[in-house]
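Report on the following structure.
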Amino acid sequence: MRVELTERGGRLELGVVDDGVGFDEAVLGVRVAEGHVGIASHRLRVECAGGAFHLTTSPGAGTSVRVLLPA
């Protein structure tokens with residue numbers, strides 16, 4: 001796992017990358033309906049703070065999350 005935090009142009013950028021098993025992003029809606037709200041909750045909190053939340057993942061390819069927030 002790699003975690004990076006940088007400041008650029010008045011914005012904070014947090015990156016978290018792992019080389020785990022990843023998952024199919026298409027299942028996120030189903031997972032929320034089942035009560036698993038972790039990623040959806042993080043995305044909502046970031047967006048409510050005026051930021052952006054970017055998720056990249058696929059089965060067998062790990063996961064990358066990038067969060068941009070006003071500094």
Side-chain angles (χ1 to χ4, degrees):
M1 178 182 293
R2 186 177 76 238
V3 178
E4 297 176 342
L5 179 63
T6 57
E7 188 273 329
R8 287 190 192 124
R11 294 182 67 87
L12 294 174
E13 181 174 340
L14 171 66
V16 180
V17 179
D18 74 29
D19 60 355
V21 297
F23 59 92
D24 182 356
E25 288 184 61
V27 303
L28 287 176
V30 172
R31 300 296 289 164
V32 169
E34 294 172 343
H36 303 277
V37 298
I39 291 173
S41 174
H42 290 303
R43 182 185 308 271
L44 180 61
R45 290 171 196 228
V46 167
E47 291 173 353
C48 285
F53 183 97
H54 304 281
L55 172 74
T56 304
T57 187
S58 62
T63 301
S64 171
V65 175
R66 190 169 62 121
V67 173
L68 301 168
L69 289 168

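Scanning for side chain to side chain donor-acceptor pair (under 3.5 Å) contacts around Glu7 gives an empty result, with sequence neighbours left out. Partners of Val3 by side-chain contact (heavy atoms from CB on, under 4.5 Å), not counting sequence neighbours, listed by chain and number: Met1, Leu14, Val16.
Under the 4.5 Å side-chain heavy-atom criterion for grouping Ile, Leu, Val, Met, Phe, Trp and Tyr, Val17 is not connected to Leu68 through any hydrophobic cluster.
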Just list the side-chain donor-acceptor pairs under 3.5 Å for residues 36-48, sequence neighbours left out, or say none.
| from | atom 1 | to | atom 2 | distance (Å) |
| --- | --- | --- | --- | --- |
| Ser41 | OG | Arg45 | NE | 3.1 |
| Arg43 | NH1 | Phe53 | O | 3.3 |

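Nearest heavy-atom pair across Ala49 and Leu69 is CB-CD2, 3.9 Å.
Listed by first and then second residue, the salt bridge (Lys or Arg N to Asp or Glu O under 4.0 Å) pairs involving residues 49-58 amount to none (not counting sequence neighbours). A side-chain hydrogen bond (donor to acceptor under 3.5 Å, both in side chains) check over residues 11-26, counting only residues at least two apart or in different chains, returns the pairs Arg8-Glu13. Sequence neighbours left out, the pairs with a member in residues 57-71 that pass side-chain hydrogen bond (donor to acceptor under 3.5 Å, both in side chains) are Thr57-Thr63.
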